Asker: 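I am attaching a structure below and will ask some questions about it afterwards.
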Amino acid sequence: MLSIQFIREHADVVRQALAARRTEAPLDEVLRLDSERRRLLQEVESLRAEQNAAGKRIGAAKDSDERKRMIAALKDVSARIDDLEPALKDIDDQLQARLMEIPNLPDPATPEGADETGNAIVRQSGEPGALDFPAKPHWELGEALGIIDFERGARLAGSRFYVLRGAGARLERALITMMLDLHTARHGYTELYLPAVVKEECMWASGQLPKFADNLYHDVEDDFWLVPTAEVPLTNIHRDEILEGVALPLSYVAYTPCFRREKMSAGRDVRGIKRGHQFDKVELYKFTRPEESEEALQQMVGHAEAVVRELGLTHRVVQICTGDLGFNAAKTYDLEVWSPATGEWYEVSSVSNCTDFQARRANVRFRRETGARPEFVHTLNGSGTALPRVVAALLENYQRPDGSVELPPALIPYMGGLALIEPDV
RNA sequence: GGAGGGAUCGCAUAGUGGUCUAGUGCGGCCGCCUGCUAAGCGGUUACCUCGGGAAACCGGGGUCAUGGGUUCGAAUCCCAUUCCCUCCGCCA
């Protein structure tokens with residue numbers, strides 16, 4: 001969420017930034033509610049000051065007649081407070097609700113654009129090309145090899161679910177372990193094991209609610225919300241804390257399953273494992289000082305790239321434009337890998353600097369030094385990486401004419417020495 | 001699932017309706033003293049918000065897990081919720 005003080009003092013800047021996002025935000029209503037709130041607040045607070053001062057005199061008074069007279073006189077003040085308070089609370093609730101609907105402001109370096117066609121290719125490694133023979137898509141390869149079973153996935157949980165079997169299941173596990181090892185050993189992240197369900201307030205703090213309620217699975221009975229990404233629990237892990245400046249930056253990596261209803265994407269990417277209701281992801285997350293977040297963002301993109309480089313996949317980094325930016329982000333880079341079978345770039349990671357937007361919602365602050373005023377940290381998140389599209393890209397890029405699939409050297413130790421996936425007879 | 005106990009200023013505790021502007025100890029910070037120590041002495045010690053001010057700061061309001069209620073007035077009384085602990089039951 002944005003600071004109300006900032007909106008109040010820089011309404012034009014905010015208006016312009018939100019226009020760049022192609023977002024309708026209730027800015028005028030926020031400004032109106034804010035001034036109304038402050039007017040009411042001052043009235044209520046001066047009444048309370050009166051009440052407090054008189055209450056103190058009553059406490060000190062001994063004579064009971066005098067006392068009774070003072071109490072009677074104060075009832076009028078109390079009544080007026082009782083009258084105004086509900087109105088103040090109502091205005092305040094409305095203001096908070098509107099503020100929670102306003103997205104983050106784009107970083108000035110974010111390119112201007114209306115939609116994904118405005119995104120900018122930052123760099124590319126390898127050339128997107130075809131194989132020497134007709135390439136099969138991963139869903140055909142996976143089924144033929146007996147490592148991806150869509151039919152039984154649907155039997156268990158419906159469409160957009162699948163079962164991994166044998167080397168396929170092992171590949172999933174190998175990738176998770178390889179990524180966690182890479183980020184902990186080489187990039188300095190601390191590994192966390194997290195709950196895959198969270199309370200509603202976590203969804204608000206990380207910016208999933210109220211905008212993306214449609215995309216979330218929610219258990220009504222216990223009010224559990226299934227995480228659509230580990231970003232949610234990670235954002236909340238230091239909620240309401242004041243961190244020590246010397247402890248920053250904090251770098252976390254966590255593997256979790258992710259659950260998404262994909263209501264908005266009905267009919268899109270229905271074949272294969274590109275878009276499922278449940279998928280695995282290794283998530284990178286940082287809490288930094290404000291002045292360090294840009295550098296951290298660049299590093300994190302590099303950390304995600306290291307994964308696909310290890311796997312030998314042709315990839316590119318794309319900077320997201322203002323119109324395509326996510327709700328929480330000020331600046332985002334996507335990492336995409338090439339699929340020779342479908343002629344598409346698969347998005348396997350999205351790395352964002354959320355500046356103080358989530359920190360304000362989750363109330364995560366830090367002190368530069370003892371005695372200093374707390375300031376909001378900056379938060380950054382990035383996939384490092386999402387699994388299914390990496391699996392798809394591996395199968396499609398390393399397939400051989402006979403339908404078997406080679407494994408890149410970096411994965412072989414994690415596959416128990418297996419270097420080639422062949423049909424399981 | 002059942003029974004009970006608890007949540008107070010970094011930590012530990014005191015506080016059962018008005019002098020609580022929440023006390024004390026420890027820790028932290030600042031200073032002083034001492035040519036002996038992890039010694040002694042004094043001071044200080046949170047956060048949010050509104051208003052004023054260029055600022056240092058000043059004034060108001062709020063926060064004793066959270067949200068309601070009773071009352072002129074709530075850390076204190078009542079209700080609900082959350083979390084923690086103990087015991088019983090069940091169980092990977």
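Numbered from 1 within each chain, the chains take letters A, B, ... in sequence-line order. Just so it is clear, the model here is predicted, and its values are computed rather than measured.
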Asker: Could A:E85 and A:K89 be called an ion pair, given the rule that one side-chain N must be under 4.0 Å from one carboxylate O?
Answerer: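 Between A:K89 and A:E85 there is no salt bridge, as every charged N stays at least 4.0 Å from the carboxylate O atoms.
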Asker: Apply salt bridge (charged side-chain N to carboxylate O under 4.0 Å, His left out) to A:E396 and list each qualifying residue two or more places apart in sequence or on a separate chain.
Answerer: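 Counting only residues at least two positions away or on another chain, A:E396 forms no salt bridge (charged side-chain N to carboxylate O under 4.0 Å, His left out).
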Asker: Which residues in residues 30-49 of chain A have a heavy atom closer than 4.0 Å to any atom of RNA chain B?
Answerer: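 A:R37, A:R38, A:L41, A:Q42, A:E45, A:R48, A:A49, in order of number.
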Asker: Please determine, for B:rC11, whether a Watson-Crick or G-U wobble partner exists with both distances under 3.5 Å, and give it or none.
Answerer: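 B:rG25 is the nucleotide pairing with B:rC11.
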Asker: Round to a whole Å and report the spacing from CG of A:L95 to C1' of B:rU49.
Answerer: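 Atom-to-atom, A:L95 to B:rU49, this comes out as 13 Å.
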Asker: Can you tell me if A:R365 touches the phosphate of B:rC48, counting only side-chain N or O atoms and a distance under 4.0 Å to OP1 or OP2?
Answerer: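 True: A:R365 side-chain N/O within range (under 4.0 Å) of B:rC48 OP1/OP2.
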Asker: Quick test of your reading: applying side chain to side chain donor-acceptor pair (under 3.5 Å), list the pairs with at least one residue in residues 148-157 of chain A, sequence neighbours left out, ordered by first then second residue.
Answerer: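 Side chain to side chain donor-acceptor pair (under 3.5 Å) check on residues 148-157 of chain A returns A:D149-A:R152.
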Asker: Suppose you measure atom P in B:rU81 against the same atom in B:rU44; what distance do you get, rounded to whole Å?
Answerer: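 Taking atom P in both B:rU81 and B:rU44, they lie 44 Å apart.
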Asker: Determine the Euclidean distance between corresponding P atoms of B:rU63 and B:rA75; express it in Å to zero decimal places.
Answerer: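 Going atom to atom, P in each nucleotide, I get 7 Å.
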Asker: Once you round it to whole Å, what is the distance between C1' of B:rC50 and CD of A:E9?
Answerer: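 It works out to 13 Å between those atoms.
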Asker: Taking pairing as Watson-Crick or G-U wobble with both contacts under 3.5 Å, can you name the mate of B:rU63, or confirm there isn't one?
Answerer: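 Result: B:rA46.
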Asker: Distance check, C1' atoms only: B:rU19 and B:rC26, in whole angstrom units.
Answerer: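 Those two atoms are separated by 27 Å.
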Asker: Determine, for nucleotides 7-12 of chain B in 5'-to-3' order, which nucleotides have protein heavy atoms under 4.0 Å from the base (write B), from only the sugar-phosphate (write S), or from neither (write -).
Answerer: ------
Asker: Give one of base, sugar-phosphate or nothing for A:Q5, where a contact means two heavy atoms less than 4.0 Å apart.
Answerer: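 Sugar-phosphate, no base atom in range.
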Asker: Just to verify, what does A:R368 make a side chain to side chain donor-acceptor pair (under 3.5 Å) with, not counting sequence neighbours?
Answerer: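 Here the qualifying residues are A:E291, A:E375.
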Asker: For the pair made of CD in A:E375 and P in B:rC48, what is the distance, rounded to whole Å?
Answerer: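 Interatomic distance, CD of A:E375 to P of B:rC48: 11 Å.
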Asker: Taking only residues two or more places apart in sequence or in another chain, which ones pass side chain to side chain donor-acceptor pair (under 3.5 Å) with A:R160?
Answerer: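 Once residues adjacent in sequence are excluded, A:R160 has no partner under the side chain to side chain donor-acceptor pair (under 3.5 Å) criterion.
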Asker: Side chains of A:Y285 and A:T235: any donor to acceptor distance under 3.5 Å?
Answerer: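 A:Y285 and A:T235 do have a side-chain donor-acceptor pair below 3.5 Å.
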Asker: Using purine N1 to pyrimidine N3 plus N6-O4 or O6-N4 for Watson-Crick, or N1-O2 and O6-N3 for G-U wobble, both under 3.5 Å, which nucleotide pairs with B:rC20?
Answerer: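 Paired with B:rC20, as far as the under-3.5 Å criterion goes, is no nucleotide at all.
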Asker: My understanding is that only residues two or more places apart in sequence, or in another chain, count here; which of them pass ring-ring contact (aromatic ring centres under 6.0 Å, His included) with A:Y252?
Answerer: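 A:H238.
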Asker: Is the closest basic N to carboxylate O distance between A:K199 and A:D222 below 4.0 Å?
Answerer: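 No salt bridge links A:K199 with A:D222.
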Asker: Considering every strand and a 4.0 Å limit on heavy-atom distances, what is the contact class for A:R8: base, sugar-phosphate, or nothing?
Answerer: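 Sugar-phosphate only.
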Asker: From CG of A:D92 over to P of B:rC48, roughly how many Å is that when rounded to an integer?
Answerer: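 Taking CG of A:D92 and P of B:rC48, I get 17 Å after rounding.
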Asker: Please report, rounded to the nearest Å, how far the C1' atom of B:rC47 is from the CG atom of A:L243.
Answerer: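 Spelled out: CG on A:L243 to C1' on B:rC47 is 15 Å.
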Asker: Separation of A:E241 atom CD from B:rC47 atom P, in whole Å?
Answerer: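 After rounding, the gap between these two atoms is 16 Å.
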Asker: Return the pairing partner of B:rA56 with a 3.5 Å limit on both distances, Watson-Crick or G-U wobble; otherwise return none.
Answerer: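 Base partner found: none.
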Asker: If you look at every strand shown and take non-hydrogen atoms under 4.0 Å, does A:D76 touch a base, only sugar-phosphate, or nothing?
Answerer: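 Since no nucleic acid heavy atom lies under 4.0 Å of A:D76, the category is nothing.
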Asker: Please identify each residue that fulfils side-chain contact (heavy atoms from CB on, under 4.5 Å) with A:A230, with sequence neighbours left out.
Answerer: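 Here the qualifying residues are A:L194, A:L234, A:T256, A:E283.
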Asker: Testing the 3.5 Å rule here: is there a donor-acceptor pair between the side chains of A:Q358 and A:T379?
Answerer: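 Note: A:Q358 and A:T379 side chains meet the donor-acceptor criterion.
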Asker: Report the base-pairing partner of B:rU70 (Watson-Crick or G-U wobble, both distances below 3.5 angstrom), or none.
Answerer: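 Result: none.
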Asker: Might you confirm whether atom CD of A:E244 has over 12 heavy atoms from other residues, nucleotides or ligands at distances under 6.0 Å?
Answerer: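 Incorrect, the count does not exceed 12.
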Asker: Given that both distances must come in under 3.5 Å, which nucleotide forms a Watson-Crick or G-U wobble pair with B:rC90?
Answerer: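 Its partner: none found.
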Asker: Which whole number of Å gives the distance between the C1' atom of B:rA74 and that of B:rC83?
Answerer: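 Comparing C1' positions in B:rA74 and B:rC83 gives a spacing of 23 Å.
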Asker: Check nucleotides 43-46 of chain B for protein N or O atoms closer than 3.5 Å to its own N or O atoms and list the pairs.
Answerer:
none

Asker: Under 3.5 Å for both donor-acceptor distances, Watson-Crick or wobble: does B:rG35 have a partner, and if so which one?
Answerer: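 With both distances under 3.5 Å required, B:rG35 matches none.
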Asker: Can you name the side chain to side chain donor-acceptor pair (under 3.5 Å) partners of A:N215, sequence neighbours left out?
Answerer: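 Applying side chain to side chain donor-acceptor pair (under 3.5 Å) to A:N215 gives none.
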Asker: Quantified in whole Å, what is the P atom distance between nucleotide B:rA55 and nucleotide B:rA12?
Answerer: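 Here B:rA55 and B:rA12 have their P atoms 39 Å from each other.
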Asker: Just the rounded figure in Å: distance from P of B:rU81 to CD of A:E201.
Answerer: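 It is 16 Å, rounded to the nearest whole Å.
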Asker: Could you tell me the separation between the CD1 atom of A:I4 and the P atom of B:rC48, rounded to a whole number of Å?
Answerer: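 The answer, rounded to whole Å, is 17 Å.
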Asker: Test the A:K286-A:Y189 pair against the cation-pi criterion, namely NZ or CZ under 6.0 angstrom from the six-membered ring centroid and within 45° of the ring axis.
Answerer: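 Judged by the rule (NZ or CZ under 6.0 Å from the ring centre, within 45° of its axis), A:K286 counts as positioned above A:Y189.
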Asker: In Watson-Crick or G-U wobble terms, both distances under 3.5 Å, what is the partner of B:rG4?
Answerer: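 Answer to the pairing question: B:rC85, which forms a Watson-Crick or G-U pair with B:rG4.
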Asker: Could you tell me which residues satisfy side chain to side chain donor-acceptor pair (under 3.5 Å) with A:E221, sequence neighbours excluded, listed by chain and number?
Answerer: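 Expected list: none.
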Asker: Among A:F212, A:F224, A:W225, whose ring pair (Phe, Tyr, Trp, His ring centres under 6.0 Å) with A:H218 holds?
Answerer: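 Between A:H218 and the candidates, ring pair (Phe, Tyr, Trp, His ring centres under 6.0 Å) is satisfied uniquely by A:W225.
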Asker: When you compare B:rC58 with B:rG53, how far apart are their C1' atoms, in angstrom units rounded to a whole number?
Answerer: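 It works out to 9 Å between them.
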Asker: Taking only Lys NZ, Arg NE, NH1 and NH2, and the carboxylate oxygens of Asp or Glu, determine whether A:R8 and A:D34 approach each other closer than 4.0 Å.
Answerer: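 Counted as a salt bridge, because a side-chain N and a carboxylate O are separated by less than 4.0 Å.
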Asker: Report, as yes or no, whether the 6.0 Å neighbourhood of atom CD on A:Q16 holds more than 12 heavy atoms from other residues, nucleotides or ligands.
Answerer: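 No, CD of A:Q16 has 12 or fewer neighbouring heavy atoms, counting only those of other groups under 6.0 Å.
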Asker: Tell me, for nucleotides 64-78 of chain B in 5' to 3' order, what letter each nucleotide earns: B for a base near a protein heavy atom under 4.0 Å, S for only sugar-phosphate near one, - for neither?
Answerer: ----S---BS-----
Asker: Please confirm whether the shortest side-chain N or O distance from A:N52 to OP1 or OP2 of B:rG18 is below 4.0 Å.
Answerer: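 For B:rG18, neither OP1 nor OP2 has a side-chain N or O of A:N52 closer than 4.0 Å.
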Asker: In whole Å, measure the gap between the C1' atoms of B:rC77 and B:rU16 for me.
Answerer: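 Going atom to atom, C1' in each nucleotide, I get 9 Å.
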Asker: Roughly how far apart, to the nearest Å, are B:rU45 and B:rU21 at atom C1'?
Answerer: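 Approximately 16 Å lies between the C1' atom of B:rU45 and that of B:rU21.
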